Amino acid sequence: MQLNGKHIIAGNFSKNGNDTFQAVNPTSGKLLPIDFSEATHDEIEQAIQQAEVAFQHYRKVSGSQKAEFLEKIGEEIMALGDDLLKRCEEETGLPQGRLQGERARTVNQLKMFADLLREGSWVDARIDTAIPDRQPLPKADLRMMQIALGPVGVFGASNFPLAFSVAGGDAASALAAGCTIVVKAHPAHPGTSEMVGRAIMQAARACNLPKGVFSMVQGKTPYVSMAIVNHSLIKAIGFTGSFKVGKALFDAAAKREEPIPVYAEMGSINPVFVLPGALKEQSEKIAQGLVNSVTLGVGQFCTNPGVVFSMQSPESEEFATRSGELLQEISTGVMLTDKIREGYNEGVSKFSKVEGVKILGKSKSTSVHAPAIGHAFQTDARTFMQNPDLSEEVFGPSTIHVSAGTKEELLKLAVNLDGHLTATLQATEEDLENYQDLVEILERKVGRLIVNGFPTGVEVCPSMTHGGPFPATTDSRTTSVGTAAIHRFSRPVSYQNFPQFLLPDELKDDNPLGIWRLVNSERDRGTI
């Protein structure tokens, strides 16, 4: 596919602006060919206006038709073949194997939402039939279901150029809900974004959907992002990225004349608690698993285990030392962008300067142009609690081991945690019985609790929660992975005393879709 560096505006290409930028190959530091245009005010306006026009039709499209659209997007992505993987590798430095897996995840989550739409019960239809002779007042016929919010702004992530990008989880769940989308491509991989954007455009055309169902604009400046967030026709935002940018988008949306929800996933240090029994029984195994998890993808996952807590003991000291030794045997690759690498280096430098923190080990690096050196640190609970910087996310291949003197101190460390995406317990059966109070604390701190595993690796399935309390996300009630992600982009509407012909199919007496509904407080998929 020959890239043109243009925006996709409701099925058409546009490149009106004079300001341009180029992608950078992070492995060599060299600029890649093709100038990508910075979106202008008029281009953003046109994309959003067309999204609103298309929404009037798309919101009424049947679940089966939307399912066909999502599956067609997946087919068009696969049809791009190796060209997509090659461009993505050039823009990100990620290996082909990783990108093949991410492409499969992207296509599979589109299929997952297609299955959800065909089954149809996600709308949570509720029906309470009328009781006209009820005393002292008659009861009205009331029916409720979820409907789409409207046009949604979707922001691509830097670290997942496919699965959290143009056709990623936010885009898939918004389209599944019946929303039209305007995507802000990430400037770290604009060519990859254009290729996937074209795939979505082709899918919409093949499914005879309105062109404005999808648009994509490029840009490196905050102006493009804020223009989308502040537009009155945009009804929600999906974002994955840094706390700084996510919070800025959230604050801007809250200040609008009509505030809108911003579903921002903004990172996490994903604490790991290695309990005493597990340390005695499988210290070596846990240390190896920890180092593998910390350095996976050069640590550029929002689920990277950035802090490890344990009880102070000879076994704990041996575990920390061994983790450092194992890290020194690892060779880490290149980071996604110079900006990410600079932020990482700044973070590990800050840790290194804290009194009471020591370096357990450093990795090697396979990168000549921009080496990313993995770091393992160690400190005690008191130092950790007295230095807030140590509890901040360092996005990259680093972790800090914190030893607590008593169980009470360990629990205090847990209580003092901010919101995170995950928490992990490395534990025996006896540990879990003795530390049930720790589990109860962590339930209030994270969106996913793990026993005897590691947080990297997010399974895309209906029961996954990829979210958590602030500052991990801006709304702890939601997830950005799994079928429950669809509910971010819908809202409930009740229909009172409506005639059958005006009701959506999901709420009609004869239940033509055959979905599960709550009818007079009982689950049923039959007729009324």
Side-chain angles (χ1 to χ4, degrees), residues 1 25-27 70-71 73-115 156-173 185-186 188-189 191-193 195-197 199-200 240-241 265 270 288-289 291-305 330-337 340 366-367 372 374 395-397 421-422 448 450 453-466 479-483 485:
M1 177 185 290
N25 185 323
T27 303
L70 295 179
E71 289 176 337
I73 293 172
E75 292 172 8
E76 293 289 345
I77 290 172
M78 293 304 299
L80 293 171
D82 291 342
D83 287 348
L84 175 64
L85 301 180
K86 180 181 178 182
R87 178 70 190 196
C88 196
E89 182 180 25
E90 289 175 342
E91 292 185 327
T92 65
L94 295 172
Q96 288 276 318
R98 151 73 192 271
L99 294 174
Q100 288 173 348
E102 190 178 332
R103 180 178 61 180
R105 171 178 169 173
T106 304
V107 172
N108 288 337
Q109 66 190 1
L110 288 163
K111 291 179 179 178
M112 179 184 69
F113 280 108
D115 291 341
S158 64
N159 59 334
F160 279 87
L162 299 173
F164 278 90
S165 193
V166 179
D170 289 340
S173 53
H186 199 283
H189 42 80
T192 302
S193 297
M195 294 178 77
V196 175
I200 300 176
T240 299
E265 188 263 279
N270 306 295
Q288 185 67 70
V291 170
N292 290 343
S293 184
V294 167
T295 57
L296 184 68
V298 201
Q300 297 168 114
F301 292 109
C302 49
T303 52
N304 180 53
I330 298 286
S331 292
T332 47
V334 67
M335 301 194 83
L336 291 159
T337 68
I340 290 174
T366 60
S367 173
F395 190 67
L421 296 172
T422 74
R448 177 163 58 111
I450 302 152
F454 289 94
T456 41
V458 178
E459 186 69 32
V460 180
C461 65
S463 54
M464 172 55 67
T465 298
H466 189 62
T479 176
S480 61
V481 177
T483 52

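Note that the coordinates shown come from a computational prediction; the quantities given were computed from them, not determined experimentally. Numbers here are sequence positions counted from 1.
- Listed here is the closest heavy atom pair of T332 and G374: OG1-N, 4.0 Å.
- For the ring pair (Phe, Tyr, Trp, His ring centres under 6.0 Å) test, residues two or more places apart in sequence or in another chain that qualify with F301 are F160.
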Could you go through the side chain to side chain contact (heavy atoms under 4.5 Å, CB included) check for N108 and V460 one step at a time? CA-CA 8 Å; N108 288 337; V460 180; over 6 Å; no
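- Within the 4.5 Å cutoff, the side chain of S165 has no heavy atoms near those of the T192 side chain.
- The shortest side-chain heavy-atom distance between N292 and Q288 falls under the 4.5 Å cut-off.
- For the salt bridge (Lys or Arg N to Asp or Glu O under 4.0 Å) test, residues two or more places apart in sequence or in another chain that qualify with E91 are R87.
- Between L110 atom CG and E76 atom CD the span is 12.0 Å, to the nearest 0.5 Å.
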Determine, stepwise, if the pair V298 / L336 fulfils side chain to side chain contact (heavy atoms under 4.5 Å, CB included). CA-CA 9 Å; V298 201; L336 291 159; over 6 Å; no
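- Between P161 and L94 there is a side-chain heavy-atom pair separated by less than 4.5 Å.
- Here the CG atom belonging to L162 is positioned 8.5 Å from the OG1 atom belonging to T92, to the nearest 0.5 angstrom.
- Not a single donor-acceptor pair under 3.5 Å links the side chain of T240 to the backbone N or O of A157.
- Listed by chain and number, the residues in a side chain to side chain donor-acceptor pair (under 3.5 Å) with Q96 are E89 (sequence neighbours excluded).
- Side-chain N or O atoms of T295 include one that pairs as donor or acceptor with a backbone N or O of V291 at under 3.5 Å.
- The minimum heavy-atom distance linking T337 with A188 is given by the pair CG2-CB, 3.7 Å.
- To the nearest 0.5 angstrom, F395 atom CZ is 8.0 Å from N304 atom CG.
- To the nearest 0.5 Å, the span separating OG on S173 from CG on L70 amounts to 10.0 Å.
- The closest side-chain heavy-atom distance from M112 to T483 is below 4.5 Å.
- With sequence neighbours left out, E459 forms a salt bridge (Lys or Arg N to Asp or Glu O under 4.0 Å) with no residue at all.
- Side-chain contact between V458 and L421 is absent, with no heavy-atom pair separated by less than 4.5 Å.
- Here the closest non-hydrogen pair linking L80 and M195 is CD1-O, 3.6 Å.
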Between T303 and N270, does a side-chain hydrogen bond (donor to acceptor under 3.5 Å, both in side chains) hold up when you go through it step by step? CA-CA 6 Å; T303 52; N270 306 295; 5.5 Å; no
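- Remark: D82 CG to L99 CG distance equals 11.0 Å, nearest 0.5 Å.
- Residues C302 and N159 come closest through the heavy atom pair N-ND2, 4.1 Å.
- Counting all heavy atoms, side chain and backbone alike, F164 lies closest to S480 at CE2-OG, 4.0 Å.
- Judged by distance alone, with hydrogens and angles left aside, the side-chain atoms of Q300 form no donor-acceptor pair with the main-chain N or O of M335 at under 3.5 Å.
- From T106, atom OG1 reaches atom CD1 of I73 across 11.5 Å, with rounding to the nearest 0.5 Å.
- For residues 100-112, every residue pair satisfying the salt bridge (charged side-chain N to carboxylate O under 4.0 Å, His left out) rule, not counting sequence neighbours, is listed here: R98-E102.
- Side-chain contact of S293 with T456: a donor-acceptor pair under 3.5 Å is present, judged by distance alone.
- Listed by first then second residue, pairs satisfying salt bridge (charged side-chain N to carboxylate O under 4.0 Å, His left out) with a partner in residues 158-172 read D170-R488, not counting sequence neighbours.
- In this structure, A172 and F113 approach most closely via the heavy-atom pair CB-CD1, 3.9 Å.
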